[in-house]
Amino acid sequence: MKNKNNRSKIAIIGAGAVGTSTAFSLALQNIAADLILVDINQMQCEGELLDLTDALETTNLPFLEKGSYRDAAQSDIIVITAGKRQQIGQSREELLQANMQVISSILRELIPINPNAIILMVTNPVDILAYLAQKITQLPYHQVISSGTFLDSVRARILLSHKLSIAPEAIHAYILGQHGDLQVAAWSISHIAGTPITSFLDTNALEIIAEKTKNRAYEIIKCKGATFFGIAKVVAELCRVILTDQYLVKPLSCYVPEFQTFLSMPVVLARKGIVQILKTKLNAFEQEALAQTARKMSELCKQL
Ligand code: NAD
């Protein structure tokens, strides 16, 4: 659904490092006609908008403005990036208590919500907060998504690319499950031009890449305090796929009926949201790891 001027509209709630980097990425690529930013810190939000507008002077500028929750609720895509970020050594799950409060209050402000809106949860822990978003807004499951392990999969592809001297775009590698320490490297379904990734690298080398992928955010946070460029690129890409109705396959977190919880699986993404969760043939080890992750996620969701 388009907004009143029949222009696509994306709202970003949380104009911090992730929100503004995402806005910058979206605007540079001209992904949405209208982009609104909402933040509890009005002054900060105003400054970010002025700065972003200066940077975009020479592009075919989307209409950028500071908005209210009411405006945000009527957008085509509502990206949620508000809340606390990880401190050095802190896990994403440790943010749950603090961010649950922030996200619950934001979601309540979004009601009544555009019935066709897609919610894209970015605030950590993403899987559990996406579950919360569905419960509070009551949007259909396929319209509530989190970026999940898309970023982790990108990281794995980059690490594989360095090892194999093959461009990341040519590498189909999937990290599934939780966007966190319980993620599962699905090497058994990863391949390059149909050749299994396990034919290129032995178990030991793949384990090292899986560990590095899992620890990448900790490493970045230790060096610079936050991660935002990678996730901004990922979120902009997801918005593009949705608004252009592309039916692309991405590893994203959504409600998986088989496990009765939110976790990342390869899904088909289009304007309606998630149109299909692909059935994967993981090996027994990965399948068990995914089931264990699902049990843990399910327990955490029950605590909400
Ligand atoms: P940040 O501190 O730079 O920004 C957070 C923003 O949220 C601030 O501007 C703050 O004013 C705003 N905010 C707080 N409460 C609010 C409310 N009730 N309404 C509106 N705005 C509110 O943090 P950041 O580095 O941008 O990180 C944001 C979130 O994104 C964190 O939870 C972080 O862990 C997460 N993150 C997720 C991924 C991913 O892969 N999903 C990657 C990086 C960061």
Side-chain angles (χ1 to χ4, degrees), residues 10-19 21-23 26 37-40 69 72-73 75-86 91-111 113-114 116-153 176-180 182-183 217 227-228 230-239 241-242 250-256 261-265 267 269 272-274 277 297-298 300-301 303-304:
I10 300 177
I12 299 179
I13 302 179
V18 174
S21 304
T22 301
L26 284 166
L37 284 187
V38 185
D39 199 287
I40 201 165
Y69 287 116
S75 303
D76 298 299
I77 305 178
I78 304 167
V79 179
I80 302 183
T81 72
K84 298 265 178 255
R85 55 160 79 145
Q86 289 164 268
S91 76
R92 294 169 180 97
E93 272 164 42
E94 288 174 77
L95 296 172
L96 180 59
Q97 285 310 319
N99 284 346
M100 192 171 69
Q101 310 295 334
V102 173
I103 299 304
S104 302
S105 73
I106 290 172
L107 291 164
R108 291 203 175 92
E109 298 278 354
L110 291 175
I111 294 169
I113 194 166
N114 167 10
N116 296 312
I118 306 285
I119 292 187
L120 185 41
M121 182 61 67
V122 183
T123 301
N124 276 316
V126 286
D127 307 284
I128 303 164
L129 294 178
Y131 172 88
L132 184 69
Q134 195 282 326
K135 287 282 160 256
I136 294 179
T137 61
Q138 289 292 303
L139 282 174
Y141 280 119
H142 65 270
Q143 287 171 227
V144 184
I145 304 166
S146 104
S147 52
T149 56
F150 185 14
L151 178 57
D152 306 284
S153 302
L176 302 178
Q178 186 203 34
H179 172 59
L182 296 177
Q183 60 189 233
T227 74
F228 40 89
I231 185 64
K233 164 86 179 0
V234 156
V235 174
E237 165 73 358
L238 294 176
C239 291
V241 172
I242 293 167
K250 303 284 176 194
L252 294 179
S253 179
C254 61
Y255 182 76
V256 183
T261 190
F262 270 69
L263 82 176
S264 287
M265 298 293 281
V267 301
L269 184 65
K272 280 184 275 190
I274 292 187
I277 301 172
M297 308 287 289
S298 186
L300 286 169
C301 287
Q303 287 173 25
L304 292 179

Quick check: do [X] and [Y] have side-chain heavy atoms less than 4.5 Å from each other?
{"X": "T261", "Y": "L300", "result": "no"}
{"X": "I103", "Y": "I80", "result": "yes"}
{"X": "D39", "Y": "L37", "result": "no"}

Which heavy atom in [X] sits nearest to a heavy atom in [Y], and how many Å separate them?
{"X": "V234", "Y": "F150", "value": "CG1-CD2, 3.3 Å"}
{"X": "S253", "Y": "G148", "value": "CB-CA, 3.8 Å"}
{"X": "C239", "Y": "V79", "value": "SG-CG2, 4.1 Å"}
{"X": "S91", "Y": "Q86", "value": "C-NE2, 3.9 Å"}
{"X": "A133", "Y": "M121", "value": "CB-CE, 4.0 Å"}
{"X": "T123", "Y": "A82", "value": "OG1-O, 2.6 Å"}

Spatial distance of atom [atom1] ([X]) from atom [atom2] ([Y]) [nearest 0.5 Å]:
{"X": "E237", "Y": "L26", "atom1": "CD", "atom2": "CG", "value": "11.0 Å"}
{"X": "H179", "Y": "N124", "atom1": "NE2", "atom2": "CG", "value": "4.5 Å"}
{"X": "L132", "Y": "I128", "atom1": "CG", "atom2": "CD1", "value": "10.0 Å"}
{"X": "Q178", "Y": "D152", "atom1": "CD", "atom2": "CG", "value": "9.5 Å"}
{"X": "L269", "Y": "K250", "atom1": "CG", "atom2": "NZ", "value": "8.5 Å"}
{"X": "I113", "Y": "I119", "atom1": "CD1", "atom2": "CD1", "value": "4.0 Å"}

Subject >> Audit row: L304, M100, side chain to side chain contact (heavy atoms under 4.5 Å, CB included) steps and yes/no >> reply: CA-CA 8 Å; L304 292 179; M100 192 171 69; 3.0 Å; yes

Mark yes or no for whether [X], through its side chain, and [Y], through its backbone, hold a donor-acceptor pair below 3.5 Å.
{"X": "S146", "Y": "A130", "answer": "no"}
{"X": "S21", "Y": "V18", "answer": "no"}
{"X": "Q143", "Y": "A117", "answer": "yes"}
{"X": "S264", "Y": "P251", "answer": "no"}
{"X": "T81", "Y": "G14", "answer": "yes"}

Original post:
More than 12 foreign heavy atoms under 6.0 Å from NZ of K135: is that the case here?
Top reply: yes

**OP:** Fit a plane to each ring of F262 and Y131, take the angle between them on a 0 to 90° scale, and name the class: parallel (under 30°), tilted (30 to 60°) or perpendicular (over 60°).
**Re:** perpendicular

**OP:** Before giving the answer on side chain to side chain contact (heavy atoms under 4.5 Å, CB included), spell out for Y69 and I13 the whole-Å C-alpha distance, their side-chain angles and the decisive distance to 0.1 Å.
**Re:** CA-CA 8 Å; Y69 287 116; I13 302 179; 3.9 Å; yes

